Visitor: 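Sharing a structure here in structure tokens format.
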Amino acid sequence: MKIVQKLTFMKLKLSVLTLFVFFATAAMAQFSIGVKAGANIIKVDGKSFKDEFQYGYHLGGFVNVPVGGRFSIQPEVLFNQYQTKTDSSFSHIYESAFSGTNNVKLNYLSIPLLLNYKLGSFLSLQAGPMFSVLMDQEKNLLENGQDAFKKGDFSMLGGAQLSLGKIKFNGRYVVGLNNINDIDNKDQWKNQGWQLSVGLGL
């Protein structure tokens, strides 16, 4: 019951945050929108998982809003897929949550809120938080994955964006700040890795 309440509350907060961001940007005179897609090179830190990066992907859209001088705000809405593999030290405590495979896929709906600082005509630095909700997991790979992983993740992003006209290239590092292990408090599981993407302004 507590997990359901937490999930409902988190989804409500994210929905309100999303509506606020998009209504706020729509109210401003100067803003641009676009779509983007790219690769996630992510690992889950924790002794239950292999210490190696795995490839996933992300896709979605963004809004860029100038706020004065060299600064702009860039909220995004992304579908994020992370992949990882369990380690040989994977505890039997967690076996009931997995279906006999060491491949794990996590699908998140993510909302990054980035502050951009323009260094020149083409290059910008980016930093900010990313709020994510676990939307779905591969049922053929996980027997009961929704009990194994918390429904939400909070991360910080840092990186750069290269703008060539309407084409935008992004490179960011993602650091998860909260424990996504929802089975017990014995092991700490946190996402971290790279996001590389190409965007197109509309």
Side-chain angles (χ1 to χ4, degrees), residues 9-45 53 55-82 106-135 150-180 190-202:
F9 183 63
M10 181 170 286
K11 284 185 175 180
L12 178 61
K13 288 196 295 184
L14 286 174
S15 298
V16 171
L17 179 62
T18 304
L19 288 174
F20 173 78
V21 167
F22 279 96
F23 278 120
T25 55
M28 294 186 174
Q30 292 184 344
F31 69 94
S32 60
I33 63 174
V35 294
K36 63 183 302 183
N40 293 327
I41 309 171
I42 299 291
K43 68 177 180 178
V44 177
D45 275 337
F53 291 96
Y55 288 93
Y57 68 91
H58 62 271
L59 54 89
F62 63 88
V63 178
N64 188 273
V65 183
V67 293
R70 295 177 177 268
F71 291 96
S72 65
I73 296 174
Q74 185 168 309
E76 302 177 354
V77 177
L78 303 175
F79 175 83
N80 263 321
Q81 183 187 89
Y82 296 166
L106 304 173
N107 296 322
Y108 288 101
L109 175 65
S110 301
I111 302 178
L113 296 174
L114 300 169
L115 178 65
N116 293 348
Y117 178 75
K118 201 169 185 179
L119 292 177
S121 301
F122 306 106
L123 186 64
S124 298
L125 299 180
Q126 298 184 315
M130 181 169 71
F131 306 90
S132 300
V133 172
L134 188 63
M135 300 299 293
K150 289 183 178 177
K151 301 301 189 260
D153 190 20
F154 176 71
S155 306
M156 291 299 295
L157 307 178
Q161 177 171 273
L162 179 65
S163 300
L164 302 176
K166 292 187 176 183
I167 307 295
K168 300 181 184 297
F169 299 93
N170 288 105
R172 304 170 183 165
Y173 197 75
V174 183
V175 178
L177 298 182
N178 68 309
N179 178 22
I180 61 173
K190 295 183 180 181
N191 294 315
Q192 72 164 296
W194 296 93
Q195 286 188 334
L196 306 175
S197 64
V198 177
L200 176 64
L202 301 178

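Quick caveat: nothing in here was measured; it's all calculated off a predicted structure.
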Visitor: Considering residues at least two apart in sequence or located in another chain, which fulfil the side chain to side chain contact (heavy atoms under 4.5 Å, CB included) criterion with Leu123?
Guide: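 With sequence neighbours excluded, Leu123 shows a side chain to side chain contact (heavy atoms under 4.5 Å, CB included) to Leu119, Ala160, given in chain and number order.
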Visitor: Measure the CG-NZ distance between Leu125 and Lys118 for me, rounded to the nearest 0.5 Å.
Guide: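 Here the interatomic distance stands at 12.5 Å.
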Visitor: Going by atom type alone, with no hydrogens or angles, which donor-acceptor pairs under 3.5 Å involve a side-chain atom of residues 31-40 and a protein atom two or more places apart or on another chain?
Guide:
unit_1: Lys36; atom_1: NZ; unit_2: Glu76; atom_2: OE1; d: 3.4
unit_1: Lys36; atom_1: NZ; unit_2: Glu76; atom_2: OE2; d: 3.3
unit_1: Lys36; atom_1: NZ; unit_2: Ser197; atom_2: OG; d: 3.4
unit_1: Asn40; atom_1: OD1; unit_2: His58; atom_2: ND1; d: 2.9
unit_1: Asn40; atom_1: OD1; unit_2: Gln195; atom_2: NE2; d: 3.3
unit_1: Asn40; atom_1: ND2; unit_2: Tyr57; atom_2: O; d: 2.8
unit_1: Asn40; atom_1: ND2; unit_2: Asn80; atom_2: OD1; d: 3.1
unit_1: Asn40; atom_1: ND2; unit_2: Gln81; atom_2: O; d: 3.1

Visitor: Using the ring pair (Phe, Tyr, Trp, His ring centres under 6.0 Å) criterion, which residues pair with Phe169? Sequence neighbours excluded.
Guide: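 For Phe169, no residue satisfies ring pair (Phe, Tyr, Trp, His ring centres under 6.0 Å) once neighbours in sequence are set aside.
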Visitor: Please name the pair of heavy atoms, one in Pro129 and one in Met156, separated by the smallest distance, quoted to 0.1 Å.
Guide: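 Scanning both residues completely, I find the closest heavy atoms to be CA-SD, 3.7 Å.
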Visitor: Mind checking ring pair (Phe, Tyr, Trp, His ring centres under 6.0 Å) for Tyr55 and listing every partner two or more places apart, or none if nothing turns up?
Guide: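 Not a single residue meets the ring pair (Phe, Tyr, Trp, His ring centres under 6.0 Å) criterion with Tyr55.
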Visitor: What is the distance from atom CD of Gln161 to atom CD of Gln126, rounded to the nearest 0.5 Å?
Guide: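 Nearest 0.5 Å value for the CD-CD distance: 4.5 Å.
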Visitor: Let me confirm one number: the CG-CZ distance from Asn107 to Phe79, rounded to the nearest 0.5 Å.
Guide: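 It is 3.5 Å, given to the nearest 0.5 Å.
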Visitor: Just so I know, are the side chains of Tyr82 and Val174 near enough to count as touching, which here means a heavy-atom distance under 4.5 Å?
Guide: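 Yes. Closest side-chain heavy atoms under 4.5 Å.
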Visitor: As an exercise, state the distance from OG of Ser163 to CG of Asn170, rounded to the nearest 0.5 Å.
Guide: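 Between atom OG of Ser163 and atom CG of Asn170 there are 8.0 Å.
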Visitor: Less than 4.5 Å apart, side chain to side chain, heavy atoms only: is that true for Leu114 and Arg172?
Guide: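 Yes, their side chains come closer than 4.5 Å.
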Visitor: Return the CD1 to OG distance between Ile111 and Ser132, rounded to the nearest 0.5 Å.
Guide: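 Going from CD1 on Ile111 over to OG on Ser132, the span is 8.5 Å.
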Visitor: Quick check: do Tyr108 and Asn191 have side-chain heavy atoms less than 4.5 Å from each other?
Guide: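 They are in contact (side-chain heavy atoms under 4.5 Å apart), so the answer is yes.
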Visitor: Lys166: which residues meet the side chain to side chain contact (heavy atoms under 4.5 Å, CB included) condition with it, sequence neighbours left out?
Guide: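 Result, side chain to side chain contact (heavy atoms under 4.5 Å, CB included) vs Lys166: Leu200.
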Visitor: Could you tell me the separation between the CZ atom of Phe71 and the OH atom of Tyr117, rounded to the nearest 0.5 Å?
Guide: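 Spacing of CZ (Phe71) from OH (Tyr117) equals 6.0 Å.
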Visitor: Shortest non-hydrogen contact from Leu177 to Lys190?
Guide: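 Heavy atoms only, the tightest pair is O-NZ, 3.7 Å.
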Visitor: Do other residues, nucleotides or ligands put more than 12 heavy atoms under 6.0 Å from Tyr173 OH?
Guide: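 Yes, the 6.0 Å shell around OH holds more than 12 heavy atoms from other groups.
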Visitor: Minimum heavy-atom separation for Gly120 to Arg70, with atom names?
Guide: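 So the two residues come closest at N-NH1, 4.2 Å.
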Visitor: Report the residues that fulfil ring pair (Phe, Tyr, Trp, His ring centres under 6.0 Å) with Phe53, sequence neighbours left out, ordered by chain and then residue number.
Guide: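 With sequence neighbours excluded, Phe53 shows a ring pair (Phe, Tyr, Trp, His ring centres under 6.0 Å) to no residue whatsoever.
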Visitor: Grab the two heavy atoms, one from Ser72 and one from Asn64, that are nearest each other, plus how far apart they are.
Guide: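 Residues Ser72 and Asn64, closest heavy atoms: OG-ND2, 3.3 Å.
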Visitor: Check Leu113 against Pro75 and note the closest heavy-atom contact, atom names and distance.
Guide: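 That would be CD2-CB, 3.6 Å.
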Visitor: With a 4.5 Å cut-off on side-chain heavy atoms, are Phe62 and Leu78 touching?
Guide: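 Answer no - side chains too far apart.
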